[in-house]
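From a predicted model like this one, the values you see are computed outputs, not experimental measurements.
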Amino acid sequence: MKERYTVVDVETTGHSVVKGDRVIQIGAVVIENGEVVETFATFVNPGQSIPPFIEDLTGISDANVANAPSFHEIIPDFLELLEGSSFVAHNVDFDESFLRTQIELEGYQFPKMSVFDTVELSRILLPQQESYKLNQLAEQLGFSHERPHQADSDAEVTATLFLTLIHKLKKLPLLTLQQLVPLSRRFKSDLEPLLTSFIHKKMINGINDEKYFDCYRQLALKKTVEEQREVDSDSCFTFADYSSFLFEEDGKMELAFSKYELRPGQRQMMKEVDEAFQQNEHKMIEAGTGTGKSLAYLIPAAFYAHENNQPVVISTQTIPLQEQLLARDLPLLKKMLPFHVDAALLKGRSHYLCLRKFEQSLTSIDSDSYDVLLTKALLLIWLTETDQGDIEELNLPSGGRGFWFEIQSDAASDLGRYSPWFSRCFYHRARKRAQQANLIITNHALLCTDLVHEQRLLPAYTHAVIDEAHHLEETASDHLGAKTDFLTFSYLFQRMGLNQEADMLKTLNHLIENYQIAVKAEDLSFKIISLKEEMDELFRMLHGYVMQKQKTSSSDVGRFRYRFESYAENNSHWQAILECAMRIHMQTKDCLQQLKRWLKPFQDIRDDMTYKDRGFVVDIESVIDSLYEEEQVLYEMLLECDSNVVYWIEIEPRGAKNATFLFSKPIDVSDLLADHFFTKKKSVVLTSATLSVNGTFRYQEKRLGLTDFGVKTSIIPSPFSYMDQVRVLLPKDIPAIKDVKEEEFAVEVAIKLWRLMEVSKGKMLVLFTSYEMLKQVYYHVKDFNEFGLYQLIGQGITSGSRAKLMKMFKQSTQATLFGTSSFWEGIDLPGDELRTLVIVRLPFSPPDQPLLQAQFEKAKKDGQNPFMEISLPQAIIRFKQGFGRLIRTADDRGVVFVFDRRISTSRYGKQFIRSLPDVPVYEDQLENLLEQFQDYM
């Protein structure tokens with residue numbers, strides 16, 4: 001039988017035939033036996049005018065379709081293409097149903113045929129792609145795509161994509177194809193016959209996958225190649241050579257760098273890091289943008305690790321920086337060094353897939369949602385490609401995120417050596433790599449988790465580099481704090497067996513009978529149901545309590561917040577809450593003790609149990625442990641009180657009545673960091689582009705608990721010439737924030753931004769401190785932009801993740817990006833990608849944040865001025881971060897507008913300017929500034 005596919009793309013005036021929308025262009029490509037045998041393309045006269053936004057999107061105008069045939073005229077030719085064929089499209093639901101409806105409206109019959117959706121197939125077969133939009137897939141896979149959103153070009157690209165996907169499907173190992181069959185029955189694409197034919201061919205030809213894949217227990221995994229360590233050859237490196245390599249003008253380093261220009265600041269920073277390590281001292285280094293700080297700490301760290309045969313830990317805050325270290329800096333480092341360096345990345349355990357749980361999940365697919373089936377399918381493909389088994393590599397569908405919780409690795413359900421997957425376990429392999437590495441790259445979160453955990457996650461180390469160190473305090477506070485909510489409990493009850501598919505209690509009763517365990521089994525489910533009802537009641541009461549207090553502030557997410565001190569809430573409503581919490585505490589203890597009594601005898605017969613039963617017992621133990629830990633958190637928050645901790649509740653005012661979240665955080669982490677981290681390490685180097693305030697490190701030293709350690713400090717200026725490259729502009733004709741209502745201020749900002757957009761012609765980043773203000777300004781600017789002259793991208797308004805919004809911004813020629821908190825740092829827009837930066841307000845944190853309030857109170861108690869000690873330094877560091885978005889290379893030019901009059905009018909305003917590099921500042925009416933500095937924009 002010949003395989004025939006017709007790949008189709010249509011452009012239309014809108015989404016719905018029923019509402020009168022019509023086809024304006026159709027493109028089709030016919031594939032037979034893997035070859036393109038025919039193409040078809042035509043404009044279609046829709047008998048109506050084309051809406052402006054469709055013309056913008058497709059470039060198709062009324063003029064293009066004026067002399068084109070009507071849809072009725074082309075139907076016979078088009079139907080002929082479909083004969084004996086399968087229908088393929090990128091988002092097949094739309095193209096197929098639009099064509100079917102319009103063809104049937106014209107009195108023709110649309111043929112019955114198999115369909116294939118290249119969006120769905122790409123999600124499954126290319127699980128690591130950033131985006132599944134056709135033009136982005138084409139770009140990532142290296143196809144040329146001349147005219148996106150034109151049907152003929154889209155159909156050709158979809159055909160190339162389809163052939164690529166089918167080729168990949170064919171090449172999959174037999175085990176993977178077999179596992180895909182049951183999953184595929186509920187996909188949009190009619191994959192089953194295709195899979196069956198590929199399986200049949202493989203079996204007939206006796207293809208052996210063992211050569212290329214690790215085939216084990218019905219799963220095919222990528223074969224791991226143990227990295228061969230190169231033997232150090234002493235001829236090129238003696239230890240006397242060490243300093244010459246690093247520091248002499250004609251040293252080895254110059255040769256190693258060859259094409260790489262070593263910057264003076266970089267050489268100084270290497271010296272600083274090396275000194276700190278050699279002399280066992282803690283050091284803070286502020287390195288301006290463009291210093292090349294990653295290599296400046298990696299080189300001395302690698303030397304120290306190699307010379308002393310001890311690992312050095314490198315910790316970052318963000319995933320992009322970890323990826324940059326692995327993809328860009330480490331390969332360069334390996335080329336430069338005269339010895340071999342092993343580097344390993346170690347993340348928190350929940351980042352890694354648990355193969356045992358995933359294998360188990362494939363046995364039950366009947367009750368899975370479409371997203372979960374899709375996730376299981378893409379994970380099967382990913383297992384044939386991944387070395388790390390790390391969720392960050394994947395682009396999961398939204399419904400797949402919840403499923404990940406069920407299959408992620410965790411300590412509680414680890415079978416250890418009893419698991420047949422032990423030697424292949426991604427988490428254990430990552431730990432093993434870390435145990436053997438010279439450089440261990442991790443994140444602040446794992447570093448802080450490690451401080452409070454009994455079982456150390458990181459191998460023992462004495463030397464560390466903390467990059468992006470201005471985040472360490474905040475991360476420590478998050479990780480030394482706690483949070484819980486009703487959903488977490490609800491999920492655990494569900495796992496225990498209050499949903500019928502996975503009734504753990506029933507299964508446990510069966511096992512007690514099967515293994516003839518002498519315990520008095522009884523039905524616990526009614527006790528657990530009653531516990532769940534109490535829990536539901538508690539969270540409802542908390543919700544009601546916060547609603548009653550209404551004076552509360554709202555958090556960024558539109559929630560209400562209420563800060564509480566359990567023993568100071570003196571009223572009958574709170575009393576009832578505490579009594580309910582106490583009942584829950586007793587009932588949980590009772591249920592869990594009983595379950596543990598039932599499970600204890602299984603310890604003695606582990607070796608006689610089947611692997612599946614052992615896995616089940618470990619899973620139920622893990623749920624019990626999680627429930628115990630969550631309830632402990634709840635108990636501590638409501639029934640205990642620590643004076644160094646701040647406690648608060650957040651609720652969704654319009655959400656479910658039990659949508660209630662409890663949080664606690666230490667008010668001050670300086671003592672904890674001093675006692676558990678800095679005292680125990682010989683040398684920690686903390687670095688960032690923003691550590692100092694007005695040339696001193698006093699603020700960070702105090703916040704991080706470094707005051708008693710005689711910490712050394714150093715500021716390495718940026719190599720950029722800010723005097724020539726940047727202008728800081730302060731428009732005088734913007735109202736002072738406290739003189740006008742917020743709404744008036746937003747209108748003023750929008751008018752000024754519109755003027756900047758008219759003048760600048762390039763790209764602009766506008767930074768806000770509050771999401772509310774961002775929304776107001778965005779919608780005012782959108783009203784001015786009625787003809788769509790500029791692309792507007794609003795965080796939280798335009799759909800997509802931060803990375804997606806950044807990509808849209810980079811790909812457009814004239815765009816304005818409106819961003820809040822996460823856009824103030826960690827984004828890189830060199831050259832023409834950004835010429836104008838606007839800071840709407842000085843980035844003071846809103847004083848209604850519970851943690852900040854508590855810190856202010858503590859500062860007052862200690863006789864300090866909270867504004868000068870906490871608010872101002874924090875805002876200056878943030879301001880420096882925002883400013884740093886503009887100049888990323890020596891050739892960049894640009895302007896920074898500050899729309900907050902406090903920078904000129906307040907006593908403290910000068911400190912913001914003083915904390916910037918040496919840069920010219922001009923203050924004038926906006927129009928004068930625009931006239932004077934237009935060439936910078």
State whether [X] and [Y] are salt-bridged, where the test is any N-O pair (Lys NZ or Arg NE/NH1/NH2 against Asp/Glu carboxylate O) under 4.0 Å.
X      : Y      : value
Arg878 : Glu825 : yes
Glu869 : Lys702 : yes
Lys223 : Asp214 : no
Glu650 : Arg563 : no

Would you sort out whether Ile440 and Tyr461 count as a side chain to side chain contact (heavy atoms under 4.5 Å, CB included), showing the intermediate values? CA-CA 10 Å; Ile440 301 163; Tyr461 65 101; 5.8 Å; no

Is there a donor-acceptor pair under 3.5 Å between the side chain of [X] and the backbone N or O of [Y]?
X      : Y      : result
Tyr418 : Gly615 : no
Gln128 : Leu394 : no
Asp390 : Glu393 : no
Gln855 : Ile667 : yes

Close side-chain approach of [X] and [Y], heavy atoms under 4.5 Å:
X      : Y      : answer
Thr386 : Leu353 : no
Ile391 : Arg401 : yes
Phe677 : Leu704 : no
Phe486 : Thr660 : no
Phe277 : Val685 : yes
Leu378 : Leu396 : yes
Trp648 : Ser664 : no
Phe661 : Glu652 : yes

For residues [X] and [Y], is any side-chain donor paired with an opposing acceptor at under 3.5 Å?
X      : Y      : result
Tyr304 : Asp274 : no
Ser692 : Lys880 : yes
His463 : Asn308 : no
Ser350 : Gln408 : no
Gln388 : His351 : no
Glu130 : Gln140 : no
Asn438 : His340 : no
Ser683 : Glu281 : no
Gln324 : Asp329 : yes

Looking at Tyr628, does the NZ or CZ of Lys596 lie under 6.0 angstrom from its six-membered ring centre and within 45 degrees of the ring axis? yes

Is the cationic atom of Lys347 (NZ for Lys, CZ for Arg) positioned less than 6.0 Å from the six-membered ring centroid of Tyr352 and within 45 degrees of its normal? no

Taking it one step at a time, do Leu374 and Arg123 satisfy side chain to side chain contact (heavy atoms under 4.5 Å, CB included)? CA-CA 8 Å; Leu374 202 62; Arg123 290 213 81 121; 3.9 Å; yes

Begin with the C-alpha distance, continue with both residues' side-chain angles, and end with the deciding distance and a verdict on side-chain hydrogen bond (donor to acceptor under 3.5 Å, both in side chains) for Glu406 and Trp404. CA-CA 5 Å; Glu406 294 178 28; Trp404 180 266; over 6 Å; no

Run Trp421 and Tyr216 through ring-ring contact (aromatic ring centres under 6.0 Å, His included) and show every step you take. CA-CA 9 Å; Trp421 290 105; Tyr216 181 69; 5.0 Å; yes

Closest approach of [X] and [Y], non-hydrogen atoms and distance?
X      : Y      : result
Arg885 : Ile827 : NH1-O, 2.8 Å
Phe697 : Leu691 : CE2-CB, 3.7 Å
Leu472 : Phe678 : CD2-CZ, 4.5 Å
Gly819 : Phe823 : CA-CD1, 3.9 Å
Tyr297 : Met269 : CD2-CE, 4.0 Å
Ala445 : His479 : CB-NE2, 3.3 Å

Could you please spell out the steps behind the side chain to side chain contact (heavy atoms under 4.5 Å, CB included) verdict for Thr679 and Phe709? CA-CA 8 Å; Thr679 306; Phe709 288 92; 3.6 Å; yes

Test side chain to side chain contact (heavy atoms under 4.5 Å, CB included) on Ile466 and Val684; report intermediate values, then the result. CA-CA 7 Å; Ile466 311 263; Val684 179; 3.7 Å; yes

By the salt bridge (Lys or Arg N to Asp or Glu O under 4.0 Å) test, which pairs, at least two apart or in different chains, include something from residues 471-486? Glu473-Arg703, Asp478-Lys665

With sequence neighbours left out, the residues meeting side-chain contact (heavy atoms from CB on, under 4.5 Å) with Gln317 are His444, Glu468, His471, Thr475

Drop me the distance from [X]'s [atom1] to [Y]'s [atom2], to the nearest 0.5 angstrom.
X      : Y      : atom1 : atom2 : value
His676 : Leu480 : NE2   : CG    : 8.0 Å
Thr484 : Glu629 : OG1   : CD    : 11.0 Å
Thr588 : Leu634 : OG1   : CG    : 8.5 Å

Passes side-chain hydrogen bond (donor to acceptor under 3.5 Å, both in side chains), Ser419 versus Arg356? Steps please. CA-CA 8 Å; Ser419 170; Arg356 176 183 73 77; 5.4 Å; no

Within a reach of under 6.0 Å around CZ of Phe405, are more than 12 heavy atoms found that belong to other residues, nucleotides or ligands? no

Neighbour count above 12 (heavy atom, 6.0 Å) for Arg217 CZ: yes

Run the numbers on Glu286 and Ser688 for side-chain hydrogen bond (donor to acceptor under 3.5 Å, both in side chains), then give the verdict. CA-CA 5 Å; Glu286 177 171 284; Ser688 153; over 6 Å; no

Is it the case that the ring center of Phe339 lies less than 6.0 angstrom away from the ring center of Phe303? yes

Please determine whether salt bridge (Lys or Arg N to Asp or Glu O under 4.0 Å) holds for the pair Arg349 and Asp414, giving the CA-CA distance in whole Å, both sets of side-chain angles, and the decisive distance to 0.1 Å. CA-CA 11 Å; Arg349 188 158 188 164; Asp414 190 349; 2.7 Å; yes

Do Asp410 and Ser413 pass the side-chain hydrogen bond (donor to acceptor under 3.5 Å, both in side chains) test, and can you show the C-alpha distance, the side-chain angles, and the key distance before you say yes or no? CA-CA 6 Å; Asp410 64 27; Ser413 66; 2.5 Å; yes

Step by step, work out the salt bridge (Lys or Arg N to Asp or Glu O under 4.0 Å) result for Lys712 and Glu275. CA-CA 10 Å; Lys712 298 274 172 48; Glu275 268 169 24; over 6 Å; no

